[in-house]
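Before any comments, here is the structure.
Chain A is the first sequence line, chain B the second, and so forth, proteins listed ahead of strands; every chain is numbered from 1.
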Number of protein chains: 2
Amino acid sequence: MANEGIRDSLKERGIRLTRQRQILLDLIDKSGEHLDAERLYSLARQEDPKLNRVTVYRTLKLLKQGGLVDELDLMHLGGDQHYYETRMKQEHAHVICLRCGKVEEFFGEPLQRLRRQIEDHFGFNVIIARTEIGGYCSHCQVLRAREMAVAAELPPQPAVPKKRAARRA
Amino acid sequence: MANEGIRDSLKERGIRLTRQRQILLDLIDKSGEHLDAERLYSLARQEDPKLNRVTVYRTLKLLKQGGLVDELDLMHLGGDQHYYETRMKQEHAHVICLRCGKVEEFFGEPLQRLRRQIEDHFGFNVIIARTEIGGYCSHCQVLRAREMAVAAELPPQPAVPKKRAARRA
DNA sequence: GTTAGTGCAAACCTTTTGCAGCTCT
DNA sequence: AGAGCTGCAAAAGGTTTGCACTAAC
């Protein structure tokens with residue numbers, strides 16, 4: 001278990017480390033991807049089928065308020081849900097491909113510089129910074145160019161209804 | 001009417017400029033604040049009481065897809081709705097006070113620099129960048145310090161239920 | 001006269017709340 | 001025992017969709 005930082009932080013504030021929270025904590029902590037509540041719920045149920053969706057939301061809220069996880073939108077590409085990541089890493093921007101949905105992380109000095117400038121300029125006390133960048137990754141740029149060329153030759157396509165996520169069980 | 005840029009852009013793509021859209025366009029364009037759909041709807045109804053909320057959403061989607069407005073979250077301080085602003089201005093970050101809710105805009109070279117670095121680093125084609133910074137404005141920093149001091153002396157406060165926005169009509 | 005756009009109602013997805021019962025300490 | 005948590009059901013908030021009617025070109 002690698003999430004001792006989080007566990008300690010919770011204990012200090014008298015927050016109980018229940019079985020459900022341990023499951024969720026472990027999942028968030030060791031997941032490579034950016035999980036949303038529904039995905040986290042579905043993973044958690046594999047370990048405890050009784051665990052309720054509401055508990056997932058309550059736990060996420062707790063962690064968010066405690067500054068232990070960051071909440072992301074990832075440009076709302078997958079819908080209006082939120083995504084979560086542990087707040088251990090250095091500040092970084094999320095770079096989201098609008099075509100394939102791949103998410104890259106960018107670390108670099110402009111982020112620190114931006115933070116510093118805003119603190120200086122406004123006398124602002126920065127607590128949390130979120131930078132999300134949408135565009136096309138190198139791979140999708142060529143695919144997209146091709147798609148555009150084809151679309152230009154064809155009569156206007158009948159719009160395919162945007163697929164929504166499957167109704168939850 | 002100052003929104004000729006938007007009007008032209010719509011016309012070029014054969015999108016009709018209906019009375020409803022003109023109302024909404026004018027409101028978005030000349031509003032100083034960051035409007036959400038509900039606020040826009042309420043303003044629009046003052047000019048046309050028959051105008052439907054759905055039309056507001058459809059128009060916003062249209063403008064967003066056309067790259068004519070940017071969609072913001074403003075750190076979800078006021079709830080999970082989105083805010084909109086015309087995309088005429090130079091790229092800027094939004095700086096939101098987590099206590100009083102005031103939103104400042106920050107223009108500055110770190111933003112351009114960040115964009116450039118990401119394009120170079122990933123070979124990424126940046127279409128839209130969104131930076132939102134939460135923290136405490138200079139004014140609220142002192143108020144907050146005072147509040148914390150008081151809270152520390154008092155027994156734990158009974159949590160006041162978070163007021164949700166009034167149910168829509 | 002077409003085709004696109006509107007209004008209405010109803011659905012949808014995501015998240016929150018109320019409350020009774022359970023569980024850590 | 002007592003505060004804190006959970007699960008369940010139900011609601012809320014924000015947004016989208018289906019469809020018949022209307023209006024812009």
Shortest non-hydrogen contact from Glu132(A) to Asp73(A)? OE2-N, 3.0 Å
Which residue, Gly79(A) or Val54(A), contacts DNA chain C at a nucleotide closer to its 5' end, judged by nearest heavy atom? Gly79(A)
Is the ring pair His76(A)/His82(B) parallel, tilted or perpendicular, if the boundaries are 30 and 60 degrees? tilted
Between dG14(D), dA9(C), dT14(C), which nucleotide gets closest to the side-chain atoms of Gln81(B)? dG14(D)
Compute the angle between the rotation axes at the two ends of the helix from dG1(C)-dC25(D) to dT25(C)-dA1(D), each taken over five pairs, rounded to 10 degrees. 30°
Give a yes or no on whether a donor-acceptor pair under 3.5 Å exists between the nucleobase atoms of dG4(D), that is its base, and the side chain of Arg58(A). no
How many whole angstroms separate atom CG of Asp36(B) from atom P of dG14(D)? 8 Å
Taking only the side-chain heavy atoms of His82(B) (C-beta and beyond), determine which of dT17(C), dG5(C), dT15(D) contains the nearest atom. dT15(D)
Any side-chain N or O of Tyr57(B) under 4.0 Å from OP1/OP2 of dT16(D)? no
Interatomic distance, Leu63(B) CG vs dT15(D) P [rounded to whole Å]: 15 Å
Quickly work out the Arg53(B) CZ to dG13(D) C1' distance and round it to whole Å. 10 Å
Please determine, for the side chain of Thr55(A), which listed nucleotide (dT6(D), dT6(C), dG14(D)) has the closest atom? dT6(D)
Calculate the interatomic distance between Asn52(A) atom CG and dT6(D) atom P; express it in whole Å. 10 Å
5'-most by nearest nucleotide on DNA chain D - Asp80(A) or Asp48(A): Asp48(A)
Within the 3.5 Å criterion, strictly below it, is a donor on Tyr41(B) or Arg45(B) matched to an acceptor on the partner's side chain? yes
Report the distance from atom NE2 of His76(B) to atom P of dT14(C), rounded to the nearest whole Å. 14 Å
Could you state the atom-to-atom distance from OH of Tyr41(B) to P of dG13(D) in whole Å? 15 Å
Just by distance, no angles: are the side chains of Glu71(A) and Tyr83(A) close enough, under 3.5 Å, to form a donor-acceptor pair? no
dT17(D) phosphate, OP1 or OP2, under 4.0 Å from Lys61(B) side-chain N/O: yes
Take His94(B) and Glu104(B), measure what side-chain contact (heavy atoms from CB on, under 4.5 Å) needs, and give me the verdict at the end. CA-CA 6 Å; His94(B) 290 98; Glu104(B) 304 263 22; over 6 Å; no
Proximal nucleotide (of dT15(D), dT15(C), dT6(D)) relative to the Arg21(A) side chain: dT6(D)
Do NZ/NE/NH1/NH2 and the carboxylate oxygens of Arg87(A) and Glu85(A) come within less than 4.0 Å? no
Rounded to whole angstrom units, what separation is found between the CG atom of Leu60(A) and the P atom of dT6(D)? 12 Å
Spatial distance of atom CZ (Arg19(A)) from atom OG1 (Thr55(A)) [nearest 0.5 Å]: 9.5 Å
Residue whose closest nucleotide on DNA chain D lies nearer the 5' end, Thr59(A) versus Lys64(B): Thr59(A)
Check whether NZ of the Lys or CZ of the Arg Arg144(B) lies under 6.0 Å from the centre of the six-membered ring of Tyr136(B) and within 45 degrees of that ring's axis. yes
Would a hydrophobic clustering, with Ile, Leu, Val, Met, Phe, Trp and Tyr connected at side-chain separations under 4.5 Å, put Leu25(B) with Leu68(B)? yes
Between Phe124(B) and Leu74(A), is there shared hydrophobic-cluster membership here, with clusters defined by ILVMFWY side-chain heavy atoms closer than 4.5 Å? no
Could you state the atom-to-atom distance from NZ of Lys50(B) to C1' of dT22(D) in whole Å? 12 Å
In B/S/- notation (B base, S sugar-phosphate only, - none; protein heavy atoms under 4.0 Å), nucleotides 20-25 of chain C written 5' to 3' is ---BB-
